[in-house]
Peer 1: 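Dumping the structure here so I can ask a few things about it.
Values below: every heavy atom of this structure, side chains too, minus hydrogens, waters and symmetry copies. Letters A, B, ... are given to chains in the order of the sequence lines, protein chains preceding strands, and every chain is numbered from 1.
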There are 2 protein chains.
Amino acid sequence: MKKYENMLKEHSLKATYQRMSILSVLDKMGHGCIDEVYEKVKETHPTISLATVYKNIITMVENGVITEVPIAGLKSKYELKKDDHIHLICTECGDVKDADMDDKITQDVSSVANNSSFEAKSSNVNIYGLCKNCKGA
Amino acid sequence: MKKYENMLKEHSLKATYQRMSILSVLDKMGHGCIDEVYEKVKETHPTISLATVYKNIITMVENGVITEVPIAGLKSKYELKKDDHIHLICTECGDVKDADMDDKITQDVSSVANNSSFEAKSSNVNIYGLCKNCKGA
DNA sequence: ATCCTTGCAAATGATTTGCAAGAGT
DNA sequence: ACTCTTGCAAATCATTTGCAAGGAT
């Protein structure tokens, strides 16, 4: 839990049990939408309210502790903030896996932005398709 | 309007005036969320209902006539279906511009998917930052 | 001690549904 | 003719808010 406490304090947020539980759940799940996080947190903290999950996820996104991952056709998922990377999103089961963004892509992306006089801050690459499991079925 | 009528018929959808108006509005706007489309369509078709816009956008996404563009922090926008490309999204004014996805990126993206035994169908690259206009302010 | 956060319940906002009348093929 | 679509109003679902009590620094 010390890990999550530090993440919060580094961003000048109070380290409440609720926030640390949300971070711990997201860390385990990888990616989760708001109700999934709420259900998981309730297992260890049954009195938490959905409104608290909403409020905290919003605050932690605003403060750069977690990141929103918007997905076509589904509710946004959230993940712990990390370097830009690629999301492999299964359109069958909704599972999301991370893949590293190699230097070539990073460079290409920034040159595309430069060519349009656009000042890039971050990027999000989503690939939609079928995951290993769902390909068979 | 013949253009939009064809787009619909090619996907076995009835060419109603409401659907063609939505397509025409999206074509002009480039990208629009549901209420923006609703407000624009009302200018030429004042009796259209919001529910109709919802229902049609959903049907046309399901049938591949238009595409959902999910955006962090904002409601999804929609655009006419076209080849995979890059979205430059201004976090200040919300404006979305398209940029071509060059062959390098396309190849890199597909090799990332292959390395993870993932069967890619489509991809979505969003770059967040400041557009030409908002950079100054 | 102070300010921020929590949980609750109520309020708002967004999206979906059921249905009778009308439009498209 | 037949089937799908429309517009309306109501229903549902998602998200936000106000506030008194409790927690973090």
Peer 1: dT25(D) phosphate, OP1 or OP2: any side-chain N/O from K9(A) under 4.0 angstrom?
Peer 2: yes

Peer 1: Just the rounded figure in Å: distance from C1' of dC8(D) to CD1 of I48(B).
Peer 2: 14 Å

Peer 1: Quickly work out the Y38(B) OH to dG13(C) P distance and round it to whole Å.
Peer 2: 16 Å

Peer 1: Hey, does I58(B) reach any base, or is it just sugar-phosphate, or nothing, if we go heavy atoms under 4.0 Å?
Peer 2: sugar-phosphate

Peer 1: Quick check on DNA chain C: between A15(B) and A51(B), whose nearest nucleotide comes earlier from the 5' end?
Peer 2: A51(B)

Peer 1: Choosing from dT6(D), dA14(D), dG7(D), which nucleotide comes nearest the side chain of N56(B)?
Peer 2: dT6(D)

Peer 1: Please give, in whole Å, the distance from dC3(C) C1' to L13(A) CG?
Peer 2: 14 Å

Peer 1: Report which part of the nucleic acid I34(A) touches: base, sugar-phosphate, or nothing (heavy-atom distance under 4.0 Å, all strands).
Peer 2: nothing

Peer 1: Counting any heavy atom closer than 4.0 Å, what does T52(A) reach on the DNA or RNA strands: base, sugar-phosphate only, or nothing?
Peer 2: base

Peer 1: Over how many whole Å does the gap from L8(A) atom CG to dG23(D) atom P extend?
Peer 2: 18 Å

Peer 1: Are any of T47(B)'s side-chain N or O atoms less than 4.0 Å away from OP1 or OP2 of dG7(D)?
Peer 2: yes

Peer 1: Checking contacts here: which listed nucleotide (dT15(C), dT3(D), dG7(D)) is nearest the side-chain heavy atoms of Y54(B)?
Peer 2: dT15(C)

Peer 1: Consider only side-chain heavy atoms of I, L, V, M, F, W and Y, link residues closer than 4.5 Å, and tell whether V112(A) and I89(B) are in one cluster.
Peer 2: no

Peer 1: Rounded to the nearest angstrom, tell me the gap between atom NE2 in H11(B) and atom P in dT25(C).
Peer 2: 15 Å

Peer 1: How is T59(A) classified with respect to the nucleic acid when contacts are heavy atoms under 4.0 Å: base, sugar-phosphate, or nothing?
Peer 2: nothing

Peer 1: Ignoring hydrogens and angles, tell me if any N or O in the side chain of N124(A) forms a donor-acceptor pair with the backbone of N126(B) under 3.5 Å.
Peer 2: no

Peer 1: Taking 4.0 Å as the cut-off, does a side-chain nitrogen or oxygen of T16(B) come that near to OP1 or OP2 on dC4(D)?
Peer 2: no

Peer 1: Nearest-Å distance, CD1 (I57(B)) to C1' (dT6(D))?
Peer 2: 15 Å

Peer 1: Assess whether salt bridge (charged side-chain N to carboxylate O under 4.0 Å, His left out) is satisfied between E5(A) and K9(A), documenting all intermediate values.
Peer 2: CA-CA 6 Å; E5(A) 185 179 338; K9(A) 293 197 171 156; 2.8 Å; yes

Peer 1: With a 3.5 Å cut-off and no angle check, do the side chains of K28(A) and S24(A) form a donor-acceptor pair?
Peer 2: yes

Peer 1: Nearest-nucleotide wise, let me know which of L50(B) and K14(B) is further upstream toward the 5' end of DNA chain C.
Peer 2: L50(B)

Peer 1: Does H45(A) have its ring centroid less than 6.0 Å away from the ring centroid of Y17(A)?
Peer 2: yes

Peer 1: Has the side chain of K55(B) got a donor or acceptor that lies under 3.5 Å from a partner of the other kind on the base of dG18(C)?
Peer 2: yes

Peer 1: Under 4.0 Å between a side-chain N/O of Q18(A) and OP1 or OP2 of dG7(C), yes or no?
Peer 2: yes

Peer 1: Let me know which of M29(A), E79(A), K77(A) forms a side chain to side chain contact (heavy atoms under 4.5 Å, CB included) with V96(A).
Peer 2: K77(A)

Peer 1: Would you mind reading off the distance between K75(A) atom NZ and dT16(C) atom P, rounded to a whole angstrom?
Peer 2: 12 Å

Peer 1: Tell me the interatomic distance from H45(B), atom NE2, to dT6(D), atom P, rounded to whole angstroms.
Peer 2: 9 Å

